[in-house]
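One structure below.
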Amino acid sequence: MTRFQIKFFEPEAVVFDTASGDTHYLAPLPLELFRMIQDNPVMSAEGTYAALATRMSLEINPEFIRQTDEALASLRRIGLLDTP
């Protein structure tokens, strides 16, 4: 059985962790970040910011970088992404 079951409700998703029984909500930015990293797991931080901003039609600024870093940390904390 797959550890994570993802149900998409565009532009958001919920993730059920079958190992812990926890359910996690993915807002649009973390969901798009997750998809992007799944497609290109070796992207640099700068490349990640640029690609995510382009995909979401957002401007790269300190708040965007902070939100992206928080989303990345959250995805790692719940186990959706491996920690480097």
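Predicted, not measured: the structure shown is a model, and the values here were computed from it.
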Note: P41 and Q38 closest approach over all heavy atoms is CD-O, 4.1 Å

Name all residues meeting the side-chain contact (heavy atoms from CB on, under 4.5 Å) criterion together with Q5; count only those two or more places apart in sequence or in a different chain, and write none if there are none.
M1, F16, T18

How far does CG of L26 sit from CZ of F9, to the nearest 0.5 angstrom?
11.5 Å

Quick one: does I6's side chain get under 4.5 Å of F34's, heavy atoms only?
yes

Who are the salt bridge (charged side-chain N to carboxylate O under 4.0 Å, His left out) partners of D17, not counting sequence neighbours?
R3

For P11 and L31 the tightest heavy-atom approach is O-CD2, 3.5 Å

Taking only distance into account, with no hydrogens and no angle test, what donor-acceptor pairs under 3.5 Å do side-chain atoms of residues 48-56 form with protein atoms, sequence neighbours excluded?
{"unit_1": "T48", "atom_1": "OG1", "unit_2": "S44", "atom_2": "O", "d": "2.8"}
{"unit_1": "Y49", "atom_1": "OH", "unit_2": "D69", "atom_2": "OD1", "d": "2.6"}
{"unit_1": "Y49", "atom_1": "OH", "unit_2": "D69", "atom_2": "OD2", "d": "3.2"}
{"unit_1": "T54", "atom_1": "OG1", "unit_2": "A50", "atom_2": "O", "d": "2.9"}
{"unit_1": "R55", "atom_1": "NE", "unit_2": "E32", "atom_2": "OE2", "d": "2.9"}
{"unit_1": "R55", "atom_1": "NH2", "unit_2": "E32", "atom_2": "OE2", "d": "3.3"}

Within one Ile-Leu-Val-Met-Phe-Trp-Tyr cluster: V15 and Y25, side-chain cutoff 4.5 Å
no

Got a sec, which residues hit side-chain contact (heavy atoms from CB on, under 4.5 Å) with L72, two or more places apart in sequence or on another chain?
L33, I37, R76, L81

Is there a path of hydrophobic side-chain contacts, each under 4.5 Å between heavy atoms of I/L/V/M/F/W/Y residues, joining F8 to F4?
yes

Contacts of E59 that satisfy salt bridge (charged side-chain N to carboxylate O under 4.0 Å, His left out) - sequence neighbours left out:
none

Taking S74 for the side chain and E70 for the main chain, is one N or O donor matched with an acceptor at less than 3.5 Å?
no

Output every pair passing salt bridge (charged side-chain N to carboxylate O under 4.0 Å, His left out) with a member in residues 7-16, not counting sequence neighbours, ordered by first then second residue.
E10-R35

